[in-house]
Amino acid sequence: MRAVQVSEYVKGPLDLKVSTIPTPTPAPDKYLIEIHSAGTNFFDILQIQGKYQHQPPLPWVGGAEFAGTVIAVPTSSSTSAFKFKVGDRVFGATQGAYATHVLAPESTLLPVPAGWSFEDAAGLFVTAPTSYGGLVHRAGVKAGDWVLVHAAAGGVGLAAVQIAKAKGAIVIATAGTKRKREIAMEFGADYVVDYTDKNWPEEVKKLCAEKRSGNGKAGVDIVYDPVGLIEMSLKCVAWNARLLVIGFAAGKIEKVALNRVLLKNVSLVGLHWGQYAKFETETVGEVWKGIFDLVAKGQFRGTAFKDESFVGLESVPRALQALGGRETWGKVVVNVVGEAKSRL
């Protein structure tokens, strides 16, 4: 098979090369998947540089998220014991997605939603449950809540915008460019704010004061923050607000003045979706049921970046470079087998 194999750590994505390596053979506990599309993530960039918290022993194949077709089921028992069969369209995440084939255990696979392309499904496994788990299970979003979504044009951001809107919330989306603010509006945001303007908290407070009817709240009820903007967000939250700590894409881990948490009676809530499979497995199924319900109702759609195409494994370095340069919106996806086939 062909794959982006890392035999030594590199300075950046453009140093990656495509290699020909043996195709995995069917395993007792894993499916063999032909990959059609692969999703990119910031942690992929850290991993190829040797800077991520989880570093496989060299050599290894990069990438994690994928969508494709089952071409062989696990060999440990009869096919009737398995959830998927040969020919099924699946998406999931496991080490080695930047390749034409990958082995994956059943616990990491889900069926591609009806009517979805491989391209859109390849970006679903990480973003959607992170946002649904945070907003619904951790913050208890409900109809009428005002939700501030930071980096709203990113992968988790666009997922958060759609989920909050589906639950009846009013969404203020922040993004750093005009194009990204337009994308946030296209995916359902009610209002947009430029967070490169240092006075953005005042703009959020002004919107709430003018638009929130009847309750006089000059602030938002929920903050969804994958960037590292909790400290600034405390300036524009309402009484009893819930602030979701999703990540630190800005590169700095904040230190928050806890007196401000006390004075506004707010809750700081963390979300580490990757650990739910270890500590709270029952919630994983509930979250995916909720996501698939929204998909079936037409309230959640794919967020694949459309302004530029990344076709073939040779485009993985360029896709990661664009992602790392924050030039993109939504989920940057590489069509491994070619654009036409990946959309089937």
Side-chain angles (χ1 to χ4, degrees), residues 1-8 10 13-41 43-45 47-48 54 56-75 79 82-112 116-126 302 304-305 308-323 331-344:
M1 71 176 187
R2 300 176 70 248
V4 178
Q5 185 180 58
V6 178
S7 56
E8 61 181 9
V10 297
L14 297 183
D15 296 322
L16 294 171
K17 304 294 182 185
V18 178
S19 304
T20 299
I21 61 176
T23 302
T25 55
D29 60 344
K30 294 182 176 68
Y31 292 84
L32 180 59
I33 312 296
E34 181 186 35
I35 296 177
H36 290 245
S37 294
T40 63
N41 290 282
F43 61 75
D44 295 336
I45 300 174
Q47 197 178 50
I48 63 175
H54 302 298
L58 295 166
W60 46 268
V61 176
E65 282 187 283
F66 63 88
T69 305
V70 174
I71 60 174
V73 300
T75 59
T79 57
F82 302 121
K83 180 178 179 181
F84 302 105
K85 64 183 185 299
V86 172
D88 281 351
R89 303 165 76 245
V90 296
F91 70 95
T94 193
Q95 186 70 50
Y98 297 153
T100 55
H101 298 79
V102 72
L103 289 173
E106 189 165 285
S107 60
T108 66
L109 298 173
L110 289 162
V112 173
W116 276 49
S117 67
F118 286 113
E119 181 183 22
D120 279 328
L124 191 59
F125 197 83
V126 172
F305 177 64
E308 184 177 356
S309 295
F310 301 96
V311 180
L313 287 173
E314 286 78 9
S315 70
V316 167
R318 187 165 53 87
L320 289 173
Q321 183 79 358
L323 178 70
K331 191 73 177 185
V332 177
V333 176
V334 174
N335 293 322
V336 173
V337 297
E339 188 168 16
K341 189 175 179 182
S342 74
R343 292 176 180 274
L344 295 177

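Atoms considered below: every heavy atom in the structure, side chains included; atoms not considered: hydrogens, waters and symmetry mates. Please read all numbers here as calculations on a predicted model, not as lab measurements.
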Colleague: Can F66 and V336 be said to form a side-chain contact (heavy atoms from CB on, under 4.5 Å), step by step?
Modeller: CA-CA 10 Å; F66 63 88; V336 173; over 6 Å; no

Colleague: Rounded to the nearest 0.5 Å, how far apart are OG1 of T25 and CG of L103?
Modeller: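 That separation rounds to 7.0 Å.
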
Colleague: Could you grab the distance from atom CZ of F118 to atom OG1 of T69, nearest 0.5 Å is fine?
Modeller: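 Result: 3.5 Å between the selected atoms.
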
Colleague: Let me see the working for L16 and L320 under side-chain contact (heavy atoms from CB on, under 4.5 Å), right down to the final yes or no.
Modeller: CA-CA 10 Å; L16 294 171; L320 289 173; 3.9 Å; yes

Colleague: Of all the heavy-atom pairs spanning Q95 and Q47, show the shortest one and how long it is.
Modeller: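 Closest pair (atom of Q95, atom of Q47, distance): OE1-NE2, 3.1 Å.
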
Colleague: Return the minimal non-hydrogen interatomic distance between P13 and P317, and the atom names on each side.
Modeller: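 Closest approach of P13 to P317, heavy atoms only: O-CB, 3.2 Å.
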
Colleague: Rounded to the nearest 0.5 Å, what separation is found between the CD atom of E8 and the CG atom of L58?
Modeller: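 Result: 8.5 Å between the selected atoms.
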
Colleague: Taking I48 as the fixed residue, which of D15, V10, V4 is the one that meets the side chain to side chain contact (heavy atoms under 4.5 Å, CB included) rule?
Modeller: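 Answer after filtering D15, V10, V4: V10.
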
Colleague: Would you call the rings of F84 and Y31 parallel, tilted or perpendicular, where under 30° means parallel and over 60° means perpendicular?
Modeller: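 If you compare the ring of F84 with that of Y31, the planes turn out perpendicular.
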
Colleague: Between E34 (side chain only) and I71 (backbone N and O only), is there a donor and an acceptor less than 3.5 Å apart?
Modeller: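 No; judged by distance alone, with no hydrogens or angles, the pair does not exist.
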
Colleague: Indicate whether the side chain of D44 and that of Y98 have a donor and an acceptor atom separated by less than 3.5 Å.
Modeller: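 The criterion, which ignores hydrogens and geometry beyond distance, is satisfied for Y98 and D44.
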
Colleague: Taking all heavy atoms of P111 and all of F91, pick out the closest pair and write down the distance.
Modeller: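 Heavy atoms of P111 and F91 come nearest at O-CE2, 3.2 Å.
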
Colleague: Rounded to the nearest 0.5 Å, how far does NZ of K30 lie from CG of L109?
Modeller: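 Answer for the CG-NZ pair, L109 versus K30, is 11.0 Å.
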
Colleague: May I ask you to decide if V126's main-chain N or O and E65's side chain share a donor-acceptor pair within less than 3.5 Å?
Modeller: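 Indeed, once roles are kept as given, a pair shorter than 3.5 Å links the two residues.
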
Colleague: Of the non-hydrogen atoms in V333 and A122, which two are nearest, and what is the gap between them?
Modeller: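 Reported closest heavy-atom pair: CG1-CB, 4.0 Å.
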
Colleague: For residues A104 and T94, report the shortest heavy-atom separation together with the two atoms involved.
Modeller: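 Closest heavy-atom pair between A104 and T94: CB-CG2, 4.0 Å.
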
Colleague: With respect to T20, which candidate in Q5, R2, M1 satisfies the side chain to side chain contact (heavy atoms under 4.5 Å, CB included) definition?
Modeller: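 It is R2, the one option of Q5, R2, M1 that forms the side chain to side chain contact (heavy atoms under 4.5 Å, CB included) with T20.
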
Colleague: Output the distance between atom CD1 (I21) and atom OG1 (T100), rounded to the nearest 0.5 Å.
Modeller: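 It comes to 8.0 Å.
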
Colleague: I need the N335 CG to I35 CD1 distance, nearest 0.5 Å.
Modeller: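 These two atoms lie 12.5 Å from each other.
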
Colleague: For K331 and N41, work out which heavy atoms get closest and say how close.
Modeller: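 K331 and N41 have their closest heavy atoms at NZ-OD1, 2.7 Å.
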
Colleague: So, does S315 use its side chain to make a donor-acceptor pair with the main chain of R318 at under 3.5 Å?
Modeller: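 A pair under 3.5 Å: no.
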
Colleague: Would you check if the side chain of E119 reaches a backbone N or O of A304 as a donor-acceptor pair within less than 3.5 Å?
Modeller: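 Answer holds: no.
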
